Structures are given as C-alpha cells and as structure tokens.
2 protein chains.
Amino acid sequence: MSPDKEKTRVVLADDHRVVQTGLRSYLESFPDLEIVGAAASGEEALAKLEGWLPDVVVMDLRMPGGMDGVEATRKVRALSPHTQVVVLTAHTDEARVVAALRAGAIGYVRKDSEPEILVAAVRGAARGQSVLDPAVAGSVLQELVRGGPLAEELSEREKEVLAQLVHGRTNREIAQALHVGEETVKTHVGNILSKLQLNHRTQAVIYALKQGLVSLDDVEI
Amino acid sequence: MSPDKEKTRVVLADDHRVVQTGLRSYLESFPDLEIVGAAASGEEALAKLEGWLPDVVVMDLRMPGGMDGVEATRKVRALSPHTQVVVLTAHTDEARVVAALRAGAIGYVRKDSEPEILVAAVRGAARGQSVLDPAVAGSVLQELVRGGPLAEELSEREKEVLAQLVHGRTNREIAQALHVGEETVKTHVGNILSKLQLNHRTQAVIYALKQGLVSLDDVEI
DNA sequence: CCGGGCCTCCCCCGTTCGGGGGAGCGAAAA
DNA sequence: TTTTCGCTCCCCCGAACGGGGGAGGCCCGG
C-alpha cells in the first residue's frame, strides 16, 4: 500500500452533523480516500478551504445560512480551481442540480442511490471525470441543454415578492412588508405568474419550494 | 442486567441509501452496537422486522411510500413491543416528532446534532431510557403537554382536500378530482382553514408541507 | 440618442375565495 | 332512542385575486 501521496483529499459539506459523520466513517473505509475536513455551511467550507486543500468537496445543496450549495459550489471553484465539487442531494431538489452543474460541479449523486455511486463519483472527480447519477442523468442533461426549466427569468423584486408569497401573505400584507402600493404587488404577482406560466399564487408557492428558491425552513405561519 | 456482553441489535430505516450506509459505518465503529438490518421504507422495515429482531430501530420520519415514519413507528411498536424506536429527523419536520413520540418512539435526535447524541439515544433506547435531543427537547415536551400544535383534527375527507390544495388546484378542479360539487369543496376548505386557524388556502398549503401531511416530492405543477 | 427592462402606480372587470347562514343524510356514539 | 359528527349541497355577499390595459421614472446598453 502506498503512503498518503496517492490519497484523494476529501471535504464534506453538510449541515447534518449526523449524516456528515456517517459519511466520514463510510468514505474513510476506502484506503484511497482521506477526509481532511468537514463543514456545516457554505461559509464554513469556503473559510477553511485553503487550509484543507481538498481534491474533492462533497456538497449538500441544502444548507442553512445565506449561502446555499449552488453559491458555495461557484465560490469553491473560483477560489480553488483544482478542487472538484460533487453534489449530494435529496431527489426533492433536483431542480437545483442543473444550477449546481452550471456553477462548476463535476459530479452529482442522489442520497437515495447506492453508496458505491458516491465513491465512484468522488474517485472520478479526483481524476477530473464527471460522474452523474445514472438514476437521473438523462433528465438533468436534458434540462442542461434546453437551458433550464423556466428558472431565473424573475427579477430581484419579483423574487422578493415570491418569497413573500411563500410566507402565505396577501397582496396587501406584501405591500406593507415591501413598502410599496398594493397595485404594485399585483403587478409583480401577475408578472411572476406570467413568467412561470402558472395560474395562481398557490402554484407559485409550490414552484418556489420545489425549485428551492425559498426554503420551507424559513417559513413561519 | 445480565446481557451485558450481548450487542445491541440496531436496524436503520432511511430511504437515503447513502446516508444509511454512512450511519452503518459510523455506528458499527462502536463495539456494543450491531447493525442487523436496514430498510428504505416503512413497509420494508415492518416486513423484515421479525427476521431482524432488533432492539432499536433508528427511523427517519421522511420516507417515501404510503407509510411515513410516524405510521411505521406505530406499527413497529405494535408488532414488536420489545423494539424501541429512535426518531432521526431534519429540523424541518419537527412538527411530526410529537406525533412520532405519541406513536411510541422513545428517543429523538436531530440530523444536525452531534453524532454522539445519536449513539447515546440508541444506547439509552436499548435500556428503555428516553433520550431526547436537548436542542429541542424543551419545545417538543411543551407541545406534548398542550396536546400538539393544531394537528389531526382534520377528517379524512378534509385531508384529501388539503392534499389537493397542495397540488395547486382550484375549488372547481378539486371538485372534479373528488367527484363532488364545488360547494362541497368550499365547505371542506372553509372547515380546514377554520380548524387550522388559517386565513387562506396558501397558508394551508404551507402548513401541510411543514407538517409533512403531504410531501413536496409528490407534487407536480 | 433611443429602445428596453425594471419598478412603481392607476384604471376596469370578471372570477375566485372565504365567511355566514341553513339543510338533508347516514353512521356511529351516547 | 337521541345526539353527534362527517359529508354533501345550497344561498348570499364582501373581499381578494388575476388579467387586461396604460403611464411615468429610472438606468443600462446598443
């Protein structure tokens, strides 16, 4: 067995400490992998990146704090182009996988896939090879080529209004929250529905939650 | 007690195979724990329960299929009273923790807690001791005593209507889907809002998603 | 310079919602 | 038995919503 120099340096980024530790145990059982660090948020991963010098970051897309996995992926790739990112996600938020791949992720594994796929993705990423979970690689690639679902055509203000919708607010309440007139909110809501090709606000809420534009965790009713 | 030398027989129930395998690696590193089985759904866990004879089931509340973690907990306890259930959950669906504890779970650990807490909960459960994650034990107990949030006062029909709401349907569409009149749907929706003390359907959708009454995974818009 | 997107607000109008009432029916509990 | 509860449907009515139009101000890029 060769010493450390052939080991792949891996960092885990997942806010679930229990899951994180489990993955560490599992991945460390492979002699060619070395877990050099773990982070519970995008910010933490970036802050410690230069100290860890990982070859691969296994990134959960759903993390707390201002920075989500997509943004963290983008910044990891900008800060350390040598470091490859493998996205690890629940099948719930596949919508953001495309965004993560666009942001520079090289691999993608679903949490409900066989764990061997994760190992293969990490090993592939270390070699610069892209390993996409076969369970959904087709649909993901399809979305990549046709430019995404219906995504970020929304303006900043419209995203703010959409976030308000997810909080279950009425037009009047949104108007107060954003300090604009109720008519303005009506316009924004109408434009959101039009851009997303939806019929009413409730569908917009579901869309936002499915896309991960707003996390259910942040919502209080 | 005499069976000190015997290992605690543990079963993992989590639809995320990657997470499941990670947990297996981690827990198996403790010599007093033995992972005797793993399931990806409530149905699978129940079907194999009598073959595994576990002392403790570590149960994720969010699982696919008709049976969720709460129902699976209830049935595990009914089928094998010796077996204790430790609930493992994301902090997103704390609302269902109370339901799981009522259904017979003895322990409760959040995924973003320190992994040692999970080990402590499993060991405690094997001795019949309740270990609740200190991060939220207070609020959970509070809800337990005051009888739960606003929960399952909904009738079966009302839950069906609520599920339809989560799909973004209008009253008319729901009426067609359930083969009743639109006025009937209006009545149900009104009763749902009244029982849950909400103001409009969008809030009902958010409520249902937060409570896990309907999974976002099942929704297509 | 001028077009275009964005944000803001206004109008009108038809539809949908939500809340109030009532009522018949069947099943289950008291 | 009577009572209660869930499911079904009906009425009325005010409020909220969604779609259509327009308009002024802003800044950016061709």
Side-chain angles (χ1 to χ4, degrees), chain A residues 147-211 213-214 219-221, chain B residues 99 147-148 150-211 213-214 219-221:
Chain A
L150 297 161
E152 301 303 289
E153 318 308 350
L154 296 185
S155 71
E156 282 308 309
R157 199 54 158 171
E158 286 161 353
K159 287 184 206 168
E160 286 179 45
V161 172
L162 182 53
Q164 293 287 322
L165 288 178
V166 178
H167 280 74
R169 310 244 161 88
T170 65
N171 288 343
R172 180 168 301 158
E173 291 168 337
I174 297 172
Q176 292 171 341
L178 300 185
H179 306 103
V180 294
E182 195 174 338
E183 286 299 324
T184 304
V185 176
K186 286 188 59 175
T187 304
H188 287 314
V189 173
N191 289 336
I192 290 170
L193 296 179
S194 173
K195 285 184 178 180
L196 302 181
Q197 297 175 246
L198 302 174
N199 298 315
H200 48 260
R201 58 182 50 220
T202 305
Q203 289 183 338
V205 168
I206 298 163
Y207 174 89
L209 290 174
K210 275 189 85 78
Q211 297 293 316
L213 300 179
V214 181
V219 182
E220 214 43 69
I221 48 176
Chain B
L150 297 161
E152 299 305 289
E153 316 309 349
L154 296 185
S155 72
E156 283 308 309
R157 201 53 160 171
E158 286 161 354
K159 288 183 206 171
E160 287 179 45
V161 172
L162 182 51
Q164 293 286 323
L165 288 178
V166 178
H167 281 75
R169 310 244 161 87
T170 65
N171 288 344
R172 180 168 301 157
E173 291 168 338
I174 296 172
Q176 292 172 342
L178 299 185
H179 306 103
V180 294
E182 194 174 338
E183 288 299 324
T184 303
V185 176
K186 285 188 59 175
T187 303
H188 287 313
V189 172
N191 289 337
I192 291 170
L193 296 179
S194 173
K195 286 184 178 180
L196 301 181
Q197 298 175 244
L198 301 175
N199 298 315
H200 47 261
R201 56 180 54 219
T202 305
Q203 289 182 339
V205 168
I206 299 163
Y207 174 90
L209 290 173
K210 275 190 85 77
Q211 298 293 316
L213 300 180
V214 181
V219 182
E220 212 46 66
I221 49 175

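By convention in this document, chain letters (A, B, ...) are assigned in the order of the sequence lines, proteins followed by strands, and residues within each chain are numbered from 1. Everything quoted here is computed from the prediction, not taken from an experiment.
Between B:L193 and B:N199, every side-chain heavy-atom pair lies at or beyond the 4.5 Å cut-off. Counting heavy atoms from C-beta on, the side chains of A:V189 and A:E158 never come closer than 4.5 Å.
Within 4.0 Å (heavy atoms only), B:G181 reaches sugar-phosphate atoms of the nucleic acid but no base atom.
In terms of phosphate contacts, A:R157 brings a side-chain nitrogen or oxygen within less than 4.0 Å of OP1 or OP2 of C:dT8. Within the 4.0 Å cut-off from OP1 or OP2 of D:dC9, not a single side-chain nitrogen or oxygen of B:H188 is found. Put simply, A:S155 has no side-chain N or O that comes within less than 4.0 Å of OP1 or OP2 on C:dG5. For the OP1/OP2 pair of C:dC9 and a distance below 4.0 Å, the side-chain nitrogens and oxygens of A:T187 include no atom meeting the criterion. At D:dA16, none of the side-chain N or O atoms of A:N171 fall inside 4.0 Å of OP1 or OP2 (strictly under the cut-off). For B:T184 and D:dC9, the shortest distance from a side-chain N or O to OP1 or OP2 is below 4.0 Å.
Closest to the B:R172 side chain, of the nucleotides D:dC7, C:dC10, C:dT16, is C:dT16. Among C:dC7, D:dC9, C:dC9, the nucleotide with an atom closest to any side-chain atom of A:V180 is C:dC9. The side chain of A:L193 lies closest to D:dG19 when the candidates are D:dC7, C:dG18, D:dG19.
One finds the NE2 atom of B:H188 at 11.0 Å from the CG atom of B:N171 (value rounded to the nearest 0.5 Å).
Per the geometry, CD belonging to A:Q197 stands 12 Å off P belonging to D:dG19, to the nearest Å. Distance, B:E183 CD to C:dG20 P: 16 Å, rounded to whole Å. Taking atom CD on B:E158 and atom P on C:dG18, their separation rounds to 15 Å, with Å as the unit. Counting to the nearest Å, the P atom of D:dG20 and the CG atom of A:N199 are 11 Å from each other. Spacing between atom CG of B:L165 and atom C1' of C:dC17 amounts to 11 Å, rounded to whole angstrom units. The CD atom of B:Q203 sits 15 Å away from the C1' atom of D:dC17 (whole-angstrom rounding). For the pair A:R169 CZ and D:dA15 C1', the interatomic distance rounds to 20 Å; values are reported in whole Å. Taking atom NE2 on A:H200 and atom C1' on C:dG18, their separation rounds to 15 Å, with Å as the unit.
Interface remark: the A:T170 side chain does not form any donor-acceptor pair with the D:dC17 base, using a distance-only criterion of under 3.5 Å.
Nearer to the 5' terminus of DNA chain D, by closest-nucleotide assignment, is the contact made by B:N191 (compared with the other of B:K186 and B:N191).
Shortest non-hydrogen contact noted between B:I206 and A:H167 is CD1-C, 3.8 Å. The two atoms that bring B:L209 and B:V214 nearest to each other are CD2-O, 3.6 Å, heavy atoms only.
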